[in-house]
There are 2 protein chains.
Amino acid sequence: MRELIDLRADMLKALAQPTRLKIIDFLRDGERCVCEIFPAIGEEQSNTSRHLNMMISAGVLSRRKDGLKIYYTIKHPEIFAVMDYITEMVKQDIYGRHSLLKAA
Amino acid sequence: MRELIDLRADMLKALAQPTRLKIIDFLRDGERCVCEIFPAIGEEQSNTSRHLNMMISAGVLSRRKDGLKIYYTIKHPEIFAVMDYITEMVKQDIYGRHSLLKAA
DNA sequence: TTTATCAATGAGTGTATAGTCATATGCTCT
DNA sequence: AGAGCATATGACTATACACTCATTGATAAA
């Protein structure tokens, strides 16, 4: 079995890329098909498809087939909590940097 | 200014690598100097140093000098919450896979 | 001021990743 | 069966990354 540490790294890696972050942000409101996702994030269909499949493998997304379309969703609601924490920390860092600038 | 989405990706990327995960796990108990970290995780000093600096840039760690030694700490306690969520999701996925195997 | 110690960096290598374009697969409907 | 749409994949390129070995920089102690 894959080591727990590698599985964690894989899941984090699946979150750690701008295009994939755009997808995750877009999926906040619920499931969407590829044909909705790639225009919304401004990426090519093929590139979007690769990222989606990658996030499936990492356990970040799940998918459902309906006719021709394939609908993707965030698999674990914890993903949103993780994203909120990350955003909070980044904002704190930005604020901290500004304070330092002001102090200088 | 860097886009918020890129800053988030940078911070997540700083967490998304086995060697760096080992460092973060090791820093759970508090600050440690490089000379303690690299033997603990079984990596070369130079490699460890690069990862540490990378995590500083991403806002994951902070550091403090004391004589010859440089002590690194987790900068935001939220990092631990993020790690706990990731671990939880990965474990759920492992369990889910096992159930499928049993059912098959 | 020499020596020893801790940490960071330069240079190089091999591999992984993101992206593109073209094509293939699979499903639906006529 | 054939046309048309939605998604996935093959092949390729350019860039980023992790790592190693050797060296440098900086502080401390003798």
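The chains referred to below are lettered A, B, ... by the order of the sequence lines, with proteins before strands, and numbering in each begins at 1. If you're wondering where the values come from, they're calculated on a predicted model, not measured in any experiment.
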Exercise for the section: May I have the distance from A:Lys13 (atom NZ) to D:dA16 (atom P), rounded to whole angstrom? Expected result: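 Answer to the nearest Å: 17 Å.
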Handout entry: Nearest-Å distance for atom pair CZ/P, residues B:Arg20 and D:dC17
Key =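 Going from CZ in B:Arg20 over to P in D:dC17 covers 9 Å.
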Exam field: side chain [X] to backbone [Y], donor-acceptor pair closer than 3.5 Å:
{"X": "A:Arg63", "Y": "A:Tyr71", "answer": "no"}
{"X": "B:Glu44", "Y": "B:Ser46", "answer": "no"}
{"X": "B:Ser49", "Y": "B:Gln45", "answer": "no"}
{"X": "A:Arg20", "Y": "A:Ala14", "answer": "yes"}

Could you list the residues that satisfy salt bridge (charged side-chain N to carboxylate O under 4.0 Å, His left out) with [X], not counting sequence neighbours?
{"X": "A:Asp25", "value": "B:Arg8"}
{"X": "B:Arg64", "value": "B:Glu31"}
{"X": "B:Glu78", "value": "none"}
{"X": "B:Lys22", "value": "B:Glu43"}

Handout entry: Summary of protein contacts for nucleotides 19-25 of chain D, nucleotide by nucleotide, where a base hit scores B, a sugar-phosphate-only hit scores S (4.0 Å, heavy atoms)
Key = BBBB---
Exercise for the section: Output all residues satisfying side chain to side chain contact (heavy atoms under 4.5 Å, CB included) with A:Arg50, sequence neighbours left out; order by chain, then residue number. Expected result: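 Side chain to side chain contact (heavy atoms under 4.5 Å, CB included) check on A:Arg50 returns nothing, list empty.
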Problem - Residue list, side chain to side chain contact (heavy atoms under 4.5 Å, CB included) with A:Asp6, at least two apart or on another chain - result: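 In terms of side chain to side chain contact (heavy atoms under 4.5 Å, CB included), with neighbours along the sequence ignored, A:Asp6 is linked to A:Arg2, A:Glu3, B:Pro18.
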Problem - Within 6.0 Å of OH in A:Tyr85, more than 12 heavy atoms from elsewhere - result: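 Open.
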Problem - Axis bend over the full length of the helix from C:dT1-D:dA30 to C:dT30-D:dA1, computed from five pairs that close each end, to 10 degrees - result: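 If I round to tens, the end axes sit 20° apart.
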Handout entry: A:Val34 reachable from A:Leu68 in the ILVMFWY side-chain graph, under 4.5 Å edges
Key =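 No, because A:Leu68 and A:Val34 fall into different hydrophobic clusters, even though each may have its own neighbours under 4.5 Å.
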Practice task
Not counting sequence neighbours, which residues clear side chain to side chain donor-acceptor pair (under 3.5 Å) with B:Asp93? List them please.
Solution key: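 In terms of side chain to side chain donor-acceptor pair (under 3.5 Å), with neighbours along the sequence ignored, B:Asp93 is linked to A:Lys75, A:His76.
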Problem - Proximity to DNA chain D (any heavy atom under 4.0 Å), residues of residues 27-40 of chain B only - result: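 Contacting residues: none.
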Exercise for the section: Specify the residues of residues 56-76 of chain B, ordered by number, for which at least one heavy atom lies under 4.0 angstrom from an atom of DNA chain D. Expected result: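 B:Lys65, B:Gly67, B:Leu68, in order of number.
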Practice task
Find out whether the Lys NZ or Arg CZ of B:Arg28 is both under 6.0 angstrom from the six-membered ring centre of B:Phe80 and within 45° of the ring's axis.
Solution key: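 No, cation not above the ring by the 6.0 Å, 45° rule.
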Handout entry: Distance (rounded to the nearest 0.5 Å) between A:Leu15 CG and B:Leu15 CG
Key =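 Reported value, rounded in 0.5 Å steps: 9.5 Å.
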Practice task
Would you grab the first and last nucleotide of DNA chain C (5' to 3') that comes under 4.0 Å of any non-hydrogen atom in chain B?
Solution key: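 Span of nucleotides near chain B: C:dT5 to C:dA11.
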